[in-house]
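Just so you know, these numbers use all the heavy atoms, side chains as well, and skip hydrogens, waters and symmetry mates. Lettering of chains follows the sequences in order, A, B, ..., and the numbering in each one begins at 1. Treat the numbers as computed from the prediction; the structure is a model and nothing was measured.
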Protein chains: 2
Amino acid sequence: MTLSAPIPTWQSIRVPHGMGYRLKLLSQLMTRHLQEELDPYGLTPFHWLVLNCLWEQDGIATSALGERLRQVGGTLTGVLDRMEERGLVRRERDTHDRRIWRIWLTDAGRALEDCLPPHVHQVREKLLQGFSEAEQKQLSDWMDRMLANLS
Amino acid sequence: MTLSAPIPTWQSIRVPHGMGYRLKLLSQLMTRHLQEELDPYGLTPFHWLVLNCLWEQDGIATSALGERLRQVGGTLTGVLDRMEERGLVRRERDTHDRRIWRIWLTDAGRALEDCLPPHVHQVREKLLQGFSEAEQKQLSDWMDRMLANLS
DNA sequence: CAAAACTATTTCGTATGCGTAATATTAATG
DNA sequence: CATTAATATTACGCATACGAAATAGTTTTG
């Protein structure tokens, strides 16, 4: 019986080296760290993403928010329900098209734009500790290339 | 009022450039693609990960599986329930320590070791299309560095 | 103008993912 | 040896995440 040479880790698809597993785990670890930072505000990492979109475009339609974040409608309904319950956003019917619901920031939601970013910076800096500026640029470019490959 | 120079995308924490968001989205897109490949077998990407561990170490304890995959116990209970229901694994009490449940492959679970990898390779190749071998090695190294930073 | 097609959002069921608590079991301690 | 501490696993509640279906509303078509 012919023994196969072991596959190098960069090429492997198996736990714990497969890119799929490592991407999932990285995403999970980022979520865990960010969750710790956001807990004092009663927020989740997904809330941070939604707030990002609203700080930039208050009154965005639900469907446009879904496109922006590349998430399906059913996921958004639940998240927006909870953000509304927490007093961060309010939903309002579009004036011209009653199919459309627009998502508006409340004062509480708007006020978070100043205090949340330092926490997110902290997690980002932990992730990229030891990476040079050139490496960060290269990594960012490769992230975009992989995203384009899967889109 | 002093305008801030726009932050380069590689440095941004905001949607859609923040590393946290891009990692989450990459992981989700990988999951979606892999889910499509595994659907014909009635499997999910998490099943693939568990099967990986069992193909390598049949009879692994639940807690060791959790360590291997870096997942909490409660998550594993649900996944193993469903894999057991699908006839892929069976649980058995450890002979020496009744706290421990060992997870064993069934014939059906074992048989998947040959037919699943080509599908996973396909997703990996789509992800890394256009990346040279040197780039893949570098990316793999950086993935490990980021994982180490967050662990 | 009515019917058909499409869009927006929600609901529902299923699958993770996590923190906390409960239960059973084993190991350590005095 | 009895008590305490730790470990293993599950249950529970809450938070995503997705596909399919339902409902309401708008646009397109003939």
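Remark: the backbone N or O of B:Leu76 is not paired with any side-chain donor or acceptor of B:Gln71 at under 3.5 angstrom.
Atom CG of A:Asp94 and atom C1' of D:dG25 are 12 Å apart (whole Å). One interatomic measurement links the two molecules: CG of B:Asp81 to P of C:dT14, which rounds to 14 Å at whole-angstrom precision. Going from atom CG of B:Leu38 over to atom P of C:dT16 covers 11 Å, rounded to whole Å. To the nearest angstrom, P of D:dT23 lies 18 Å from CH2 of A:Trp101. Regarding B:Ile100, its CD1 atom lies at a distance of 18 Å from the P atom of C:dA24, rounded to whole Å.
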Between the protein and nucleotides 14-16 of chain D, list the N/O to N/O atom pairs that are separated by less than 3.5 angstrom.
unit_1 : atom_1 : unit_2  : atom_2 : d
D:dA15 : OP1    : A:Arg86 : NH2    : 3.4
D:dT16 : OP1    : A:Thr44 : OG1    : 2.8
D:dT16 : OP2    : A:His47 : NE2    : 3.4
D:dT16 : OP2    : A:Arg82 : NE     : 3.1
D:dT16 : OP2    : A:Arg82 : NH2    : 3.4
D:dT16 : O5'    : A:Arg82 : NH2    : 2.9

Give each protein N/O atom lying under 3.5 Å from an N/O atom of nucleotides 5-7 of chain D, with the pair distance.
unit_1 : atom_1 : unit_2  : atom_2 : d
D:dT7  : O4'    : B:Arg99 : NH1    : 3.4
D:dT7  : O2     : B:Arg99 : NH1    : 3.3

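Residue contacts shown for B:Thr62 are limited to sugar-phosphate atoms, with no base heavy atom under 4.0 Å away. Counting non-hydrogen atoms under 4.0 angstrom, B:Arg70 reaches nothing in the nucleic acid. If you check every strand for non-hydrogen atoms under 4.0 Å, A:Gln28 touches sugar and phosphate atoms only.
With 3.5 Å as the limit, one finds a donor-acceptor pair spanning the side chains of A:Ser140 and B:Arg22. Judged purely by distance below 3.5 Å, without hydrogens or angles, the side chains of A:Arg70 and A:Ser151 pair a donor atom with an acceptor atom. In this structure, a donor-acceptor pair under 3.5 Å is present between the side chains of A:Asp39 and A:Gln35.
For B:Ser63 and D:dT9, the shortest distance from a side-chain N or O to OP1 or OP2 is below 4.0 Å. Taking 4.0 angstrom as the limit, A:Arg91 places a side-chain polar atom (N or O) nearer than this to OP1 or OP2 of C:dT10. Residue B:Arg98 places at least one side-chain N or O closer than 4.0 Å to OP1 or OP2 of C:dT26. The phosphate of D:dC18 (OP1 or OP2) has a side-chain N or O of A:Gln71 nearer than 4.0 angstrom.
Between atom CG of residue B:Asp144 and atom CG of residue A:Leu26 there is a gap of 9.0 Å, rounded to the nearest 0.5 Å. The CD atom of B:Glu67 lies 11.5 Å from the SG atom of B:Cys53; values are rounded to the nearest 0.5 Å. To the nearest 0.5 angstrom, B:Leu29 atom CG is 10.0 Å from A:Leu23 atom CG. Going from atom CG of B:Leu49 over to atom CG of B:Leu43 covers 11.5 Å, rounded to the nearest 0.5 Å.
Two residues, A:Gly74 and A:His96, neighbour DNA chain D, and the one matched to the more 5' nucleotide by heavy-atom proximity is A:Gly74. When each of A:Arg32 and A:Val72 is assigned the nucleotide of DNA chain C with its nearest heavy atom, A:Val72 is the one assigned upstream, toward the 5' end.
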Open item on the list: If you apply the rule ring-ring contact (aromatic ring centres under 6.0 Å, His included), what do you find for A:His47 with A:Tyr41, and how did you get there?
Closed with: CA-CA 11 Å; A:His47 297 163; A:Tyr41 302 89; over 10 Å; no
